[in-house]
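Notes follow once the structure below has been shown.
Atom set for the values below is all heavy atoms of this structure, side chains included, hydrogens, waters and symmetry mates excluded. Here is how names work: the chains are called A, B, and so on, in the same order as the sequence lines, proteins then strands, and each is numbered from 1.
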There are 2 protein chains.
Amino acid sequence: MTARASRGRRPGAPDTRAEVLAAARASFAEKGFRGTTIRAVASAAGVDPALVHHYFGTKDDLFVAALEIPVDPREILAPVVAAGPDGAGERLLRTFLSVWDDPAIQPGLLALVRSLMADDSAGLVRDGFIPVVVGPVLASLVRDRPEVRVPLVASQMIGLIVARYVIAVPPLAQMPAEDLVARVGPVLQHYLTGDLP
Amino acid sequence: MTARASRGRRPGAPDTRAEVLAAARASFAEKGFRGTTIRAVASAAGVDPALVHHYFGTKDDLFVAALEIPVDPREILAPVVAAGPDGAGERLLRTFLSVWDDPAIQPGLLALVRSLMADDSAGLVRDGFIPVVVGPVLASLVRDRPEVRVPLVASQMIGLIVARYVIAVPPLAQMPAEDLVARVGPVLQHYLTGDLP
DNA sequence: GACGTTTTTCATCATGTGTTGAATTGTGCT
DNA sequence: AGCACAATTCAACACATGATGAAAAACGTC
């Protein structure tokens, strides 16, 4: 629980830095930014709090280090949009789920989502992510009125993410990605290209 | 910014208690539980922090006082389910939006949602709210496999709430409720009674 | 006008937190 | 062996926060 006893450099070659980062990632994903304390991260990694600061600097720095999402949304969405509007709902959803189900990526995304909802910093998503990165990409899949269709798509995907990964409501959390694609994909397709009043 | 100068009871009869409660409600809704400080609430109400504690006790007490949701979900859902499965998607959504759009209720709900997503206390929603209160009600609207249909409905409604009220993505946040009912209602209807793989 | 009551502030306390600088010890190089 | 360097801990500071108890001021009542 507490930090180890002896001072100075330890024998062996444990990659302490990686352990600290993993602990931070887990804590941010589970408890959000404010719920995470440097001391708790250090303790989880079996390390002194000062070491955390030594490696990663301030808490904000540690947070962005823990985010580290090795995925470019535009790049990953490229093949989805390249195949055209037919079946785009299913492809889009499948791609999204494959990213979120990746254990190397999920904690970072969870931490981001948790901390975005915590305070009112959601302006980032509202004014940045949706209109700037995902909006233009999806817009090319849409025939008319992208300014209303894209947010509708976003709402269903946000709901799925929150239900499946944040709240983990059963059986959504345990359902194989393909089942979700089969059930929710058509709805996304409807938002993208269906008749809309 | 800081509290007023002179000591003792103020002249006139301002309902300070209500002002403090309003300030707390606003802060909890905007910044969540952890993001809210007693001092900030007191300052927003133009009052000493000790007064907040005098009226409402501990911070937890203040939080539950600020929640104060004057609505019983079961009661409000009764007419929706009484009218049977036809058009239930639209009616359900209309009812939900009318509650969330009520300025007297919205801050409490927002505060609850914000704080639930902050840490991993989402177990309340997962094991309490959805299966115990909303689940049984919706289940009576559903022909088969309610255990998969109800969470799908929930996912779309959660997404709508987060997009419209928490993130406030345009134009969802400004769209009249009836427009949303017309556009998203059919999707809920599909989840409730449509063909599902 | 004296008195009890309510409202309000003041002055602190205890605690948890992020951060920092110095001290200590092991490792690798020459 | 000696030395620079990296890894690690210790001790402490500064600060924000929740909480408390007591004092002061206004009010209502008699």
**Asked** Is T58(A) near enough to dG18(C) that one of its side-chain N or O atoms lies under 4.0 angstrom from OP1 or OP2?
**Response** no
**Request:** Can you sort out which residues in residues 33-41 of chain A have a heavy atom within less than 4.0 Å of DNA chain D? Ascending by number, please.
**Result:** R39(A)
**Prompt:** When you check the phosphate oxygens OP1 and OP2 of dT7(C), does a side-chain N or O of T16(B) lie under 4.0 Å from one of them?
**Reply:** no
**Prompt:** Distance check: side-chain N/O of Y55(A) vs OP1/OP2 of dA6(D), anything under 4.0 Å?
**Reply:** no
**Prompt:** Under the side chain to side chain contact (heavy atoms under 4.5 Å, CB included) test, which residues partner S27(B), sequence neighbours left out?
**Reply:** K31(B), T36(B), V41(B)
**Item:** Distance, rounded to the nearest Å, where D48(A) contributes CG and dA12(D) contributes P
**Value:** 14 Å
**Message:** Using the side-chain heavy atoms of A50(B), tell me which of these nucleotides is nearest: dC10(C), dT7(C), dT20(C).
**Reply:** dC10(C)
**Contacts of type side chain to side chain contact (heavy atoms under 4.5 Å, CB included), residue T37(B), not counting sequence neighbours** = R39(B), A40(B)
**Message:** Without decimals, in angstroms, what is the distance between D15(B) CG and dT8(C) P?
**Reply:** 9 Å
**Message:** Rounded to whole Å, how long is the line connecting atom NE2 of H54(A) with atom C1' of dT19(C)?
**Reply:** 15 Å
**Item:** Rounded interatomic separation in angstrom, taking CG from L51(A) and C1' from dT19(C)
**Value:** 14 Å
**Fill in**
With the side chain defined as heavy atoms from C-beta on, K59(B) is closest, among dA19(D), dT19(C), dA7(D), to dA19(D)
**Complete:** To the nearest angstrom, the NE2-C1' distance between H53(A) and dT19(C) comes to 5 Å
**Message:** Counting neighbours of CZ on R145(A) that are heavy atoms of other residues, nucleotides or ligands and sit closer than 6.0 Å, is the number greater than 12?
**Reply:** yes
**Prompt:** Do you know which of V153(A), L141(A), V181(A) makes side-chain contact (heavy atoms from CB on, under 4.5 Å) with L92(A)?
**Reply:** V153(A)
**Request:** Write down the distance between CG (D61(A)) and P (dT19(C)), rounded to a whole number of angstrom.
**Result:** 8 Å
Distance-only donor-acceptor pairs under 3.5 Å for side chains of residues 190-197 of chain B, two or more places apart:
| residue | atom | partner | partner atom | Å |
| --- | --- | --- | --- | --- |
| H190(B) | NE2 | D195(B) | O | 3.3 |
| Y191(B) | OH | Q156(A) | OE1 | 3.0 |
| T193(B) | OG1 | Q189(B) | O | 3.1 |
| T193(B) | OG1 | Q189(B) | NE2 | 3.2 |

For residues 63-85 of chain A, please give each side-chain donor-acceptor pair under 3.5 Å, one per line with the distance, not counting sequence neighbours.
| residue | atom | partner | partner atom | Å |
| --- | --- | --- | --- | --- |
| D72(A) | OD1 | R74(A) | N | 3.2 |

**Complete:** Sorted by chain and number, sequence neighbours left out, side chain to side chain contact (heavy atoms under 4.5 Å, CB included) with I161(B) holds for F96(B), W100(B), Y165(B)
**Length of the CZ-C1' vector between F56(A) and dT19(C), whole Å** = 16 Å
